[in-house]
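Working notes for the structure below.
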Amino acid sequence: MTFLSRIMVLKSRAHFSTDGQRGGVSANNLTIKGAGKRKSQMAKNRVGLVIAGFCLVYTVIGGRLVQYGYAQPETVSSILPADRLMASRPDILDRNGEVLATDIRTVSLFAEPHKIVDADEAVERLQTVLKDLDVRDTYRKLSSNSRFQWLRRQLTPKQQSQILALGIPGIGFRPEKRRFYPGGPTASHIVGYVNIDNRGMVGMERYIDNQGMADLRALGMTSDAPLEPVKLSIDLRVQNIVRDVLVDAMAKFKSIGAGGVVIDAHTGEILAMASLPDFDPNNPVGSEDGWLSRMANGTFEMGSTFKSFTIAMGLDSGKVSLKDSFDARYPIRIGGFTIKDFHGKNRVLTVPEIFQYSSNIGTAKVADLVGTEAHKEFLTRLGLLTKMQTELPEVAMPTQPREWKKINSITISFGHGVSTTPLQTAVAGVALVNGGKLIEPTFLPRTREQADLVAKQVIKPSTSDDMRFLFEWNGIKGSGKNARVEGFDVGGKTGTADKVVNGRYVGDKNFNAFLAAFPIDNPRYVVLTFIDEPKTDKGNGAALAGNTAAPMVGDIIRRSAAILGVEPKYGEDGSALLVSY
């Protein structure tokens, strides 16, 4: 091969090599371009996913915000109005419009533990204002995981301002209502009281709830509604007098309890009723000894006041008249017991004398003449053996023998063997003097026409006439002398009952009562008082009902008759006379 030929071959190889390199470069470029496109697409996909994620998150957040916007505000908020937090209660008024119970605005202290920064410090600072704060319990509440805890209900305005000045995070106030009783304990057993949540617990407060107030509260219909006041039948002026007389009597006779009631004889309205010990409804905690209303929720053997019902039973049966006499010379022995008279005359006694001298023997013979079954039926008719019906929720059930035998009838005739409430006894006493009509007692206003619709004729009008005569007779000549008030013709019957201790009657502990009506010729009001275990410096004989319970009735009538609208009468013809003092 010549030199020229070799040069041509070399050129040909060089050209081939150049074309091959160019071909390789083109293929690589295509590969790189494809990979770039794939990476770009993946980047776009990632951005899309991020955007979708953000959209989803913000959609959820927006939805929750809308949900919260429609939701009710948290109940722990301290800015809720008072009427949204606690239901209103109607005012309670006496018959003349005097306020007995009303709502006042107050605030209560609460904590939101999840907002408390330092529980120890919060407790220490609160203790500077609330001196009686329970440190351990408060610390437990502030350290809990809950969102709401009560710390103190119903603060004073001064306490609220002092706690506000402390500036403790997580501590707030809720406006509330508090029940206020301007008269304190004056009518506590009638009005009752409410709990910390303004709900009626006893008395007429509970009665109001039972009439549908609780249901309205549950439906949220009492939060800000102007409620019509509830007017009671009691007269606050007379109520004050009755309680004042009881307080004086308890101090004078060092007794363990006392009670009194004034009832309208023609409507059954309770004008006043008090029982001691009592309590302050503004602060009932700590006054547990006074919670029991001895007038309506305590049962006692009423002693010789029951002789009024026994004599009325005999007269109403037609088997006994005021002209009849019974032999009271000898004690009655029956069933291992001996029945004798405390003021024994040891002779034959007329019916008025049996009443005047409070003869157990004579009364027992009247009951025996009528019979045991008729005796039980008569007391049932007068409402003395069944639970009394009235608005007051706290009413006790009387107790009586499971089986009435002759011995039971005899002892019950003079007030031993049956226990009733003093209020129940007074209500039955009303029927003895108002013409024979038994009227359910009421603590709400009632007209005479309304009373006639619910009254039951339980004894003859002639029997009622005879009982008025006997009440007056005993008031003038018998044990009711100390209840007489000049110009008001008070008549009544005493009852001195020995109390039962360890299953036996004891002579040094008495339950004394006096059942009275005035003016006795045409009674408008019935008054009953009692005093439990009175004591005197002159011995137990001086602590009889005629010396303890009867003067209490006299004091009540003397001070309240004018308020009740009863005018005094003096002289034989009833004309008013000038009286010099």
Assess whether a salt bridge exists between Arg446 and Asp264, defined as any Lys/Arg side-chain N lying under 4.0 Å from an Asp/Glu carboxylate O.
no
Mind jotting down which residue pairs meet the salt bridge (charged side-chain N to carboxylate O under 4.0 Å, His left out) criterion with at least one end in residues 360-371? Sequence neighbours excluded, please.
Asp368-Lys406
Using every non-hydrogen atom in the two residues, find where Phe279 and Pro284 come nearest and quote the distance to one decimal.
CD1-CB, 4.3 Å
Under 4.0 Å between a Lys/Arg side-chain N and an Asp/Glu carboxylate O for Asp508 and Lys535?
no
Just jot down the side-chain contact (heavy atoms from CB on, under 4.5 Å) partners of Glu567, sequence neighbours excluded, or say none.
none
Ignoring hydrogens and angles, tell me if any N or O in the side chain of Lys307 forms a donor-acceptor pair with the backbone of Ser358 under 3.5 Å.
yes
Which residues pass the salt bridge (Lys or Arg N to Asp or Glu O under 4.0 Å) test with Arg329, sequence neighbours left out?
Asp327
Should we say atom OH of Tyr505 is surrounded by more than 12 heavy atoms from elsewhere, each under 6.0 Å from it?
yes
Side-chain (Ser233) to main-chain (Ile270) donor-acceptor, under 3.5 angstrom:
yes
Counterpart residues, side-chain contact (heavy atoms from CB on, under 4.5 Å), relative to Ala101 (two or more places apart):
Ile92, Arg179, Tyr181, Val191, Glu205
Please list, chain by chain and in numerical order, all residues satisfying side-chain contact (heavy atoms from CB on, under 4.5 Å) with Val202, sequence neighbours excluded.
Tyr193, Glu394
Set of residues satisfying salt bridge (Lys or Arg N to Asp or Glu O under 4.0 Å) with respect to Glu301, sequence neighbours excluded
none
Under 6.0 Å from the CZ atom of Arg504, do we count more than 12 heavy atoms belonging to anything else shown?
no
More than 12 heavy atoms of other residues, nucleotides or ligands under 6.0 Å from CG of Asp289: is that the case?
no
Using modelled atom types only, decide if a donor and an acceptor are shared between the side chain of Asp498 and the backbone of Asn510 within a distance under 3.5 Å.
no
State, to 0.1 Å, how close Asn474 and Gly492 come at their nearest heavy-atom pair, and which atoms those are.
ND2-O, 2.8 Å
Which is it for Leu93 and Leu232 under the side chain to side chain contact (heavy atoms under 4.5 Å, CB included) test, yes or no, and what are the steps along the way?
CA-CA 6 Å; Leu93 313 176; Leu232 303 187; over 6 Å; no
For Lys340 and Asn360, run side chain to side chain contact (heavy atoms under 4.5 Å, CB included): C-alpha distance rounded to whole Å, both residues' side-chain angles, the deciding distance at 0.1 Å, then the answer.
CA-CA 6 Å; Lys340 56 185 179 180; Asn360 295 336; over 6 Å; no
When rounded to the nearest 0.5 angstrom, what distance separates CD1 in Ile234 from CZ in Arg95?
10.0 Å
For a 4.5 angstrom cut-off between non-hydrogen side-chain atoms, does Gln239 reach Asp235?
no
Test side-chain contact (heavy atoms from CB on, under 4.5 Å) applied to Ala428 - qualifying residues, sequence neighbours left out
Phe309, Leu382, Leu384
Please assess Thr420 against Thr425 for the test side chain to side chain donor-acceptor pair (under 3.5 Å), listing each intermediate value before the final yes or no.
CA-CA 7 Å; Thr420 62; Thr425 304; 3.0 Å; yes
What's the shortest heavy-atom distance between Ser464 and Leu432, and which atoms?
OG-O, 2.9 Å
Side-chain donor-acceptor pair under 3.5 Å between Ser413 and Thr310, yes or no?
no
Taking side-chain hydrogen bond (donor to acceptor under 3.5 Å, both in side chains) as the definition, give me every residue that meets it alongside Thr350, ordered by chain and number, with sequence neighbours left out.
Glu353
Trp404-His375 aromatic ring centre distance below 6.0 Å
yes
When rounded to the nearest 0.5 angstrom, what distance separates CG in Leu276 from CZ in Phe530?
8.5 Å
With no hydrogens and no angle check, is any side-chain donor or acceptor of Asp489 less than 3.5 Å from a backbone partner on Gly491?
no
In terms of heavy-atom contacts, Ala364 and Ile332 come closest through CB-CD1, 3.9 Å
Do Asn512 side-chain atoms and Ile531 backbone N/O form a donor-acceptor pair below 3.5 Å?
no
What's the spacing between Thr363 OG1 and Phe355 CZ if we round to 0.5 Å?
9.0 Å
Would you call the rings of His416 and Phe414 parallel, tilted or perpendicular, where under 30° means parallel and over 60° means perpendicular?
perpendicular
Evaluate side chain to side chain donor-acceptor pair (under 3.5 Å) for Thr494 paired with Ser479, printing each intermediate quantity in order.
CA-CA 6 Å; Thr494 54; Ser479 58; 2.6 Å; yes
N/O donor to acceptor pairs below 3.5 angstrom from side-chain atoms of residues 245-255, sequence neighbours left out:
from: Ser255; atom 1: OG; to: Gly257; atom 2: O; distance (Å): 3.3

Nearest 0.5 Å, what's the CG-CD1 distance between Leu564 and Ile557?
9.5 Å
Presence of salt bridge, Asp555 and Arg558, under 4.0 angstrom:
yes
The side-chain hydrogen bond (donor to acceptor under 3.5 Å, both in side chains) partner of Thr442 among Glu269, Glu391, Gln389 is Glu391
What's the shortest heavy-atom distance between Met295 and Ala274, and which atoms?
CG-O, 3.3 Å
What residues, two or more places apart in sequence or in another chain, satisfy salt bridge (Lys or Arg N to Asp or Glu O under 4.0 Å) together with Arg381?
Asp316, Glu377
Rounded to the nearest 0.5 Å, what separation is found between the NE2 atom of His266 and the CD1 atom of Ile439?
8.0 Å
Check whether any side-chain N or O of Thr496 sits under 3.5 Å from a backbone N or O of Ala545 as a donor-acceptor pair, and report yes or no.
yes
Answer yes or no: is there a donor N or O on one side and an acceptor on the other, between the side chain of Asp94 and the main chain of Leu236, under 3.5 Å?
yes
Roughly how far, to the nearest 0.5 Å, is CG of Leu528 from CE of Met302?
5.0 Å
Under the rule for salt bridge (Lys or Arg N to Asp or Glu O under 4.0 Å), what residues qualify as partners of Glu98, not counting sequence neighbours?
none
Donor-acceptor pair, Asp209 side chain versus Gly200 backbone, under 3.5 Å?
yes
Of all the heavy-atom pairs spanning Leu322 and Leu315, show the shortest one and how long it is.
N-CD2, 3.9 Å
Salt bridge flag under 4.0 Å for residues Asp452 and Lys437
yes
Set out, in order, the CA-CA distance, both residues' side-chain angles and the distance that settles side chain to side chain contact (heavy atoms under 4.5 Å, CB included) for Phe300 and Asp532, then state yes or no.
CA-CA 10 Å; Phe300 306 91; Asp532 195 359; 4.1 Å; yes
Sorted by first residue and then second, give each salt bridge (charged side-chain N to carboxylate O under 4.0 Å, His left out) pair with at least one member in residues 468-477; sequence neighbours left out.
Asp465-Arg468
Test Val262 against Met273 for side chain to side chain contact (heavy atoms under 4.5 Å, CB included), laying out the working first.
CA-CA 6 Å; Val262 179; Met273 188 184 80; over 6 Å; no
